[in-house]
Amino acid sequence: MKFSDFQFNTQINKAISTFGFLNPTPIQQQVIDPILKEKDILGIAQTGTGKTAAFMLPTVQRLLDSSGNGTRVLVLAPTRELAEQIQEFTRSLIEGTRLKSLAVYGGVSKQKQVNQLRAGVDIVIACPGRLLDLVSDRAVNLGRIEVLVLDEADHMLDKGFLPDLRRIVKMLPVKRQSLVFSATMPKEIQHLAESILSNPLRIQITPTGEKRKIAHKAYRVEQSRKTDLLLHLLQDNAMSSTLIFTRTK
């Protein structure tokens with residue numbers, strides 16, 4: 001299967017070519033066509049399987065094929081990092097079109113976000129807490145939302161966003177398309193999905209391939225020498241691919 005099979009419009013096909021996409025991932029193969037047909041989706045897939053393109057490509061197609069005023073798409077994400085990642089993809093996707101997108105989250109100037117929202121934004125990608133602040137300030141109107149996307153729903157639960165999510169959903173039009181994506185499906189998320197979705201198509205992507213065994217090592221080192229140790233470890237030829245977690249930004 002190829003992306004050309006979905007018959008996206010010229011603008012989206014141009015963006016797909018720019019991204020270097022050739023063949024859709026399993027989650028993309030299964031959800032893009034139903035989303036184009038405006039069906040609700042409950043997608044269960046691991047992080048890194050291409051969910052952002054899976055929901056954003058057909059959603060942008062919908063916006064380009066129709067007219068409307070105000071914010072029409074709301075994407076909820078559990079962290080500012082994920083919100084920015086989705087925003088970066090969306091901004092590249094809609095470049096050269098009439099559409100505008102914005103990521104809103106805490107820890108940065110709220111007034112700047114207020115100004116941008118009041119100037120007009122079609123797609124809002126938001127962390128729940130900051131979004132509720134902006135709604136209270138009457139900077140954004142959720143009454144015209146046509147598509148709701150809840151990404152990494154299980155992480156929303158981990159961060160205690162469930163009450164905020166329920167408040168936000170109550171502000172949305174009853175008639176809308178809703179897409180919920182999660183890596184796992186605990187009972188709380190299952191109940192939330194049932195309250196959000198209408199006759200959804202459930203799609204689950206099972207990870208394939210054998211997991212390699214992982215060796216664990218711990219090094220006792222003084223705070224002042226942590227960087228030196230890290231640099232020493234990175235020089236090891238066996239560490240061809242490395243993921244480093246830090247306490248703060």
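What you see is a predicted model, and the numbers here were worked out from it, not measured in a lab.
In the hydrophobic clustering of this structure, I86 does not group with L150; members are Ile, Leu, Val, Met, Phe, Trp, Tyr whose side-chain heavy atoms approach within less than 4.5 Å, directly or through other members. The hydrophobic clustering, which links ILVMFWY residues whose side-chain heavy atoms are closer than 4.5 Å, places L22 and I32 apart. Hydrophobic clustering (ILVMFWY, side-chain heavy atoms < 4.5 Å, transitive): L148 and V31 are in distinct clusters. Cluster membership for V169 and F181, using ILVMFWY side-chain heavy atoms within less than 4.5 angstrom, is not shared. Residues V124 and L57 do not share a hydrophobic cluster, clusters being chains of Ile/Leu/Val/Met/Phe/Trp/Tyr side chains in contact below 4.5 Å.
Two residues are said to be in side-chain contact when any heavy atoms from C-beta on lie closer than 4.5 Å; Q61 and D65 meet this criterion. In this structure, the side chains of M185 and Q204 stay at 4.5 Å or more apart for every pair of heavy atoms. Between T79 and H155, the closest side-chain pair of non-hydrogen atoms is not below 4.5 Å. Looking at heavy atoms from C-beta onward, I145 lies out of side-chain contact with M171 at the 4.5 angstrom threshold. Two residues are said to be in side-chain contact when any heavy atoms from C-beta on lie closer than 4.5 Å; T71 and L142 fail this criterion. Side chains of P26 and T49 form no contact here, defined as non-hydrogen atoms less than 4.5 Å apart. Using a 4.5 Å heavy-atom threshold, the side chains of D40 and L201 count as separate. Proximity of L76 to V149: side-chain heavy atoms (C-beta onward) are nowhere separated by under 4.5 Å.
Considering every non-hydrogen atom in both G106 and R80, the closest pair reads O-NH1, 3.8 Å. Across all their heavy atoms, A139 and L117 have their closest contact at O-CB, 3.4 Å. The shortest heavy-atom contact between L179 and K39 is CD2-O, 3.7 Å. V73 and T59 make their closest contact through CG2-CG2, 3.6 Å (heavy atoms, listed as atom of the first residue, atom of the second, distance). Across M156 and D151, no two heavy atoms sit closer than the pair CE-O, 4.0 Å. Residues A83 and A77 approach most closely at N-CB, 4.0 Å, considering heavy atoms.
To the nearest 0.5 angstrom, L165 atom CG is 12.5 Å from K170 atom NZ. Taken from OG1 in T90 to CD1 in I123, the straight-line distance is 5.5 Å, to the nearest 0.5 Å. A distance of 13.5 Å separates CD1 of I12 from OG of S17, quoted to the nearest 0.5 Å. For the atom pair SG (C127) and CZ (R130), the distance works out to 9.5 Å, reported to the nearest 0.5 Å. Here the CG atom belonging to D122 is positioned 5.0 Å from the CG atom belonging to L99, to the nearest 0.5 angstrom. Atom CZ of R167 is separated from atom CG of L162 by 13.0 Å, given to the nearest 0.5 angstrom.
Counting heavy-atom neighbours within 6.0 Å of Q7 CD, excluding the residue itself, gives a total of 12 or less. At most 12 non-hydrogen atoms from other residues, nucleotides or ligands lie less than 6.0 angstrom from CG of N69. Under a cut-off of 6.0 angstrom, the local environment of CZ in R138 is sparse, with at most 12 non-hydrogen atoms contributed by other residues, nucleotides or ligands. Under a cut-off of 6.0 angstrom, the local environment of CZ in R166 is crowded, with over 12 non-hydrogen atoms contributed by other residues, nucleotides or ligands.
The side chain to side chain contact (heavy atoms under 4.5 Å, CB included) test with N13 singles out one residue from F8, F6, F3, F21, and that residue is F8. The residue from Q113, E84, Q87 that alone fulfils the side-chain hydrogen bond (donor to acceptor under 3.5 Å, both in side chains) condition with Y105 is E84.
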Evaluate the salt bridge (Lys or Arg N to Asp or Glu O under 4.0 Å) criterion for residues E152 and K51: first the C-alpha distance (whole Å), next the side-chain angles of each, then the deciding distance (0.1 Å), finally the verdict.
CA-CA 10 Å; E152 302 288 359; K51 294 195 297 294; 3.7 Å; yes
Between I205 and Q30, is a side-chain contact (heavy atoms from CB on, under 4.5 Å) present by the stated rule, with each step listed?
CA-CA 9 Å; I205 303 299; Q30 295 193 46; 3.4 Å; yes
Run the numbers on I94 and V60 for side-chain contact (heavy atoms from CB on, under 4.5 Å), then give the verdict.
CA-CA 8 Å; I94 64 178; V60 168; 3.9 Å; yes
With side-chain contact (heavy atoms from CB on, under 4.5 Å) as the test, would you mind laying out the steps for R72 and L63 before giving the verdict?
CA-CA 8 Å; R72 301 169 61 194; L63 295 185; 3.5 Å; yes
Output, in order, the C-alpha distance, side-chain angles, deciding distance and verdict of side-chain contact (heavy atoms from CB on, under 4.5 Å) for I203 and L42.
CA-CA 6 Å; I203 295 173; L42 176 57; over 6 Å; no
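D154 and T184 share a side-chain donor-acceptor pair at under 3.5 Å. Using modelled atom types and a 3.5 Å distance limit, the side chains of R225 and T227 yield no donor-acceptor pair. Between the side chains of E194 and Q190, at least one donor-acceptor pair of N or O atoms lies under 3.5 Å. No side-chain donor from either of R176 and S198 sits under 3.5 Å from a side-chain acceptor of the other.
In terms of modelled atom types and a separation under 3.5 Å, the side chain of Q177 and the main chain of V147 share no donor-acceptor contact. The main-chain N or O of K2 is found under 3.5 Å from a side-chain atom of D5 such that the two form a donor-acceptor pair.
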